[in-house]
Amino acid sequence: MYRPPVDEMAHTLKKIAGLEDAIAQGRFGDLSDDLIDAILEEAGKFASTRVAPLLQVGDRHGTPLKDAEVTMPPGWKDVYRDWIAGGWNGLTGEEEYGGQGLPMMLAIATFEMWNSGSMAFGIGPTLTLGAIEALEAHATHELKQIYLPKLISGKWMGTMNLTEPQAGSDVGALRTRAERSDDGTYRVFGTKIFITYGEHDLTENIIHMVLARLPDAPAGTKGISLFLVPKFLVNEDGSLGARNDVFCGGIEHKMGIHGSPTCTMIYGDGFANDREAGAVGWLIGEENRGLACMFTMMNNARLAVGIQGVAVAEAAYQKSLAYAQERRQMRAPGWVGEGMSPIIEHQDVQRDLLTMKGLTGAARSIAYACAHALDMAKKGTGDDARWWADRANLLTPVAKAFCTDVGVDVASIGIQIHGGMGYIEETGAAQFLRDARIAPIYEGTNGIQAIDLVQRKLQLGGGEHVKDYIAELRNVADAVGALNTTDLRQTATRLQTGLNDLEQASLWLQRAITAGQIREAYAGATPYLRLFGLAAGATYLAKGALAGRNPGRTALARFFAENLLSETSTLKDRIIHGAPSLLDARMALGS
């Protein structure tokens, strides 16, 4: 059974990611350590006792579709009802509309728990959070008054509709169209695929955020607009009105997250044919500026997907640790007990478990640090806000891609620890890998995140922002070295080496981009993102070890630095020297 690591999460929030310093600066009003701990404790109880039992139920039952309606797995409606009654959906919402106005950092920590309990459950509210952010930033006052209170409370849920059969990550190729109506609304026509929670019975209304193109729009991404399209229209008194012309035409049969309905959504096909054709929608932001509005939603969603990687990794680690403590095989060197030893006594299993725990902690630190940057940008003004926005922009692709890669890696190691029992469904270890595998794909594939990091984010502030970030990490490595203790002496040296690799690779890629060597830079993008995550994650673990000198955290930071961080050298070599062989090997792929 999943047990939320509340102490470790609180430590990461406060001591590593920066929440403690922000509170000391008065950035979050009367938010206190006691309140943070209480929120995490209560979230942990709900996640372990209510959400976690949904994991296998959702996997086995799925989300059957009949007459354009989806039935969620048994027990899900009750859990969701109690979840919103606890106020969990509204942690970060604006207080004016019923939210609690708490930092994104706290929400991300709770979302880790929901997703560790059941990733299929956790992804639904994630999309609602993104819709709330988009409306808060870009909607008219009238639309905010109608939709934000219900979305923030969780009474209604939101979705994000981007993907089409011919337009996956290339949203500029989308064909869904919108036509202006005389009453100021729009009529939307088209088909969207892979829409998470596009249809379900958890809430009485579903609010779709839909990208579409107006008839006179420019080509490409400059001609995309964002529309709010509700499943049910809303009357002037706030009650639900007529069914809108949007419905679910199919449910995908997937490798994992079976409890999360992935829908084909059809807009304006005459399903609701008692009035003018088309799904009624309202413009969010300005015409032909929808991508900017959607990116508000997407950036938060990318961080939230990154935390899914952390969440599945934590759950897989806990299951593997429990199994390794119980399963007995052979006699490990040095074992003095009777009979076979628990497999945790074998060094190979110890290494696997430490790798799982280290990667999970590193990924958690990066995701929480990204959330901290978003909070500071929102609370700041002027240059301060812009600096923190740049920090969030730098860390977002790393938080999404590195953390979701970690989720897959850790879940795979978990199966290895379980041996043959891991490969069958009985133990539940396989489900973590099946669930985790989608996260590196949706909300922008990890390859796209790597390109974004290299093409755009390394250039922030003329290339100075990443330089400043590496300098901050070096300060931590210097502090570790200044201790000059036996247990961390090699750690400081390894951290500096890893940061040297990060700095040299960053400079090489910046120069390649400046020189127009785009193909060469792109060839090194994915190795660079991995290098970035390892170097930053290792440093964050060391920072956590410095805070309070906990023996367990110190040992984990040392293990990571001395066993996993050496990969940065190979990655740097691939970035700087690997492009020619990659580009010249196209012929090896065949026709």
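Quick note: residue numbers are just sequence positions, from 1. No hydrogens, no waters, no symmetry mates; every other heavy atom, side chains included, goes into these values.
Side-chain atoms of Arg289 never come within 3.5 Å of backbone atoms of Leu226 as a donor-acceptor pair (strictly under, hydrogens ignored). Checking side-chain atoms of Asp435 against main-chain N and O of Gly256 turns up no donor-acceptor pair under 3.5 Å. Looking only at distances, a side-chain donor or acceptor of Lys400 sits under 3.5 Å from a matching main-chain atom of Ala439. Put simply, the side chain of Asp452 never gets that close to the backbone of Ile448: no donor and acceptor are under 3.5 Å apart. Listed for the Thr514 side chain is a donor-acceptor partner under 3.5 Å among the backbone atoms of Gln510. Formation of a donor-acceptor pair under 3.5 Å by the Lys66 side chain with backbone atoms of Thr71 is not found in this model. No side-chain donor-acceptor contact under 3.5 Å links Gln459 to the backbone of Glu464. Checking side-chain atoms of Tyr197 against main-chain N and O of Thr126 turns up no donor-acceptor pair under 3.5 Å. Of the possible polar contacts, one joining the Arg213 side chain to the Pro218 backbone as a donor-acceptor pair under 3.5 Å is found. No donor-acceptor distance shorter than 3.5 angstrom exists from the side chain of Glu199 to the backbone of Leu65, with no hydrogens or angles considered.
Closest approach of Leu162 to Ile195, counting heavy atoms only: N-CD1, 4.2 Å. Residues Ala367 and Ala399 approach most closely at CA-CB, 4.2 Å, considering heavy atoms. Between Leu453 and Leu394, the shortest heavy-atom contact is CD1-O, 3.8 Å. Among all heavy-atom pairs drawn from Ala313 and Gly407, the shortest one is CB-CA, 4.2 Å. Closest non-hydrogen pair, Trp114 versus Val51, comes out as O-CG1, 3.5 Å. Heavy-atom minimum distance, Ala436 versus Val408: O-CG2, 3.7 Å.
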CA sep, side-chain torsions, deciding dist, call: Ser181, Arg187, side chain to side chain donor-acceptor pair (under 3.5 Å): CA-CA 7 Å; Ser181 295; Arg187 295 296 186 273; 3.3 Å; yes
Residues Trp156, Val234; criterion side-chain contact (heavy atoms from CB on, under 4.5 Å); working and verdict: CA-CA 12 Å; Trp156 296 349; Val234 182; 3.6 Å; yes
Intermediate values then yes/no, side-chain contact (heavy atoms from CB on, under 4.5 Å), Met255 and Ile438: CA-CA 8 Å; Met255 177 179 176; Ile438 185 57; over 6 Å; no
Worked check of side-chain contact (heavy atoms from CB on, under 4.5 Å) between His372 and Trp388: CA-CA 9 Å; His372 175 62; Trp388 280 109; 3.8 Å; yes
Working for side-chain contact (heavy atoms from CB on, under 4.5 Å), residues Met265 and Val246: CA-CA 7 Å; Met265 302 302 298; Val246 51; 3.8 Å; yes
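Remark: Thr92 OG1 to Gln100 CD distance equals 9.0 Å, nearest 0.5 Å. To the nearest 0.5 Å, atoms CZ (Arg386) and CG (Leu460) are separated by 13.5 Å. One finds the CD1 atom of Ile415 at 11.0 Å from the CD atom of Gln431 (value rounded to the nearest 0.5 Å). Summarising the geometry, atom CG belonging to Asp82 is positioned 13.0 Å from atom CH2 belonging to Trp88; distances are rounded to the nearest 0.5 Å. Taking OG1 from Thr191 and CD1 from Ile193, the interatomic distance works out to 9.5 Å, rounded to the nearest 0.5 Å. Atom CG of Asn244 is separated from atom OH of Tyr267 by 9.0 Å, given to the nearest 0.5 angstrom.
When side chains are defined from C-beta on, Phe189 counts as touching Glu179, because their heavy atoms get closer than 4.5 Å. Residues Tyr97 and Ile132 are not in side-chain contact: their nearest non-hydrogen atoms beyond the backbone lie 4.5 Å or more apart. Contact check for Leu571 versus Arg574: side-chain heavy atoms found under the 4.5 Å cut-off. Residues Ile575 and Arg530 are not in side-chain contact: their nearest non-hydrogen atoms beyond the backbone lie 4.5 Å or more apart.
Residues passing the side chain to side chain donor-acceptor pair (under 3.5 Å) test with Thr404 are Asn446, sequence neighbours excluded. Among residues two or more places apart in sequence or in another chain, the side chain to side chain donor-acceptor pair (under 3.5 Å) test is passed with Glu96 by none. Under the side chain to side chain donor-acceptor pair (under 3.5 Å) criterion, His208 pairs with Thr159, sequence neighbours left out. Under the side chain to side chain donor-acceptor pair (under 3.5 Å) criterion, Arg391 pairs with His465, Glu472, sequence neighbours left out.
Two rings, from Phe532 and Tyr469, have their centers less than 6.0 Å apart.
Within 6.0 Å of NZ in Lys155 there are 12 or fewer heavy atoms belonging to other residues, nucleotides or ligands. Other residues, nucleotides and ligands contribute over 12 non-hydrogen atoms within 6.0 Å of the CG atom of Asp237. Annotation: Arg456, atom CZ; neighbour count of heavy atoms from other residues, nucleotides and ligands within 6.0 Å does not exceed 12.
Using a cutoff of 4.0 Å between basic side-chain nitrogens and carboxylate oxygens, Glu69 and Lys231 are scored as salt-bridged. For Asp375 and Lys378, the salt-bridge test fails: no basic side-chain N is under 4.0 Å from an acidic carboxylate O. Between Glu425 and Arg434, at least one side-chain nitrogen of the basic residue sits less than 4.0 Å from a carboxylate oxygen of the acidic one, meeting the salt-bridge criterion.
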Less than 3.5 Å apart, which donor and acceptor atoms pair up between the side chains of residues 277-287 and the rest of the protein, not counting sequence neighbours?
from   : atom 1 : to     : atom 2 : distance (Å)
Glu287 : OE1    : Arg180 : NH2    : 3.0
Glu287 : OE2    : Arg180 : NE     : 3.0
Glu287 : OE2    : Tyr186 : OH     : 2.7

Validation: residues 102-113 side-chain donor-acceptor distances under 3.5 Å, sequence neighbours left out:
from   : atom 1 : to     : atom 2 : distance (Å)
Thr110 : OG1    : Ala107 : O      : 2.7
Glu112 : OE1    : Arg364 : NE     : 3.1
Glu112 : OE1    : Tyr368 : OH     : 2.7
Glu112 : OE2    : Arg364 : NE     : 3.3
Glu112 : OE2    : Arg364 : NH2    : 2.7

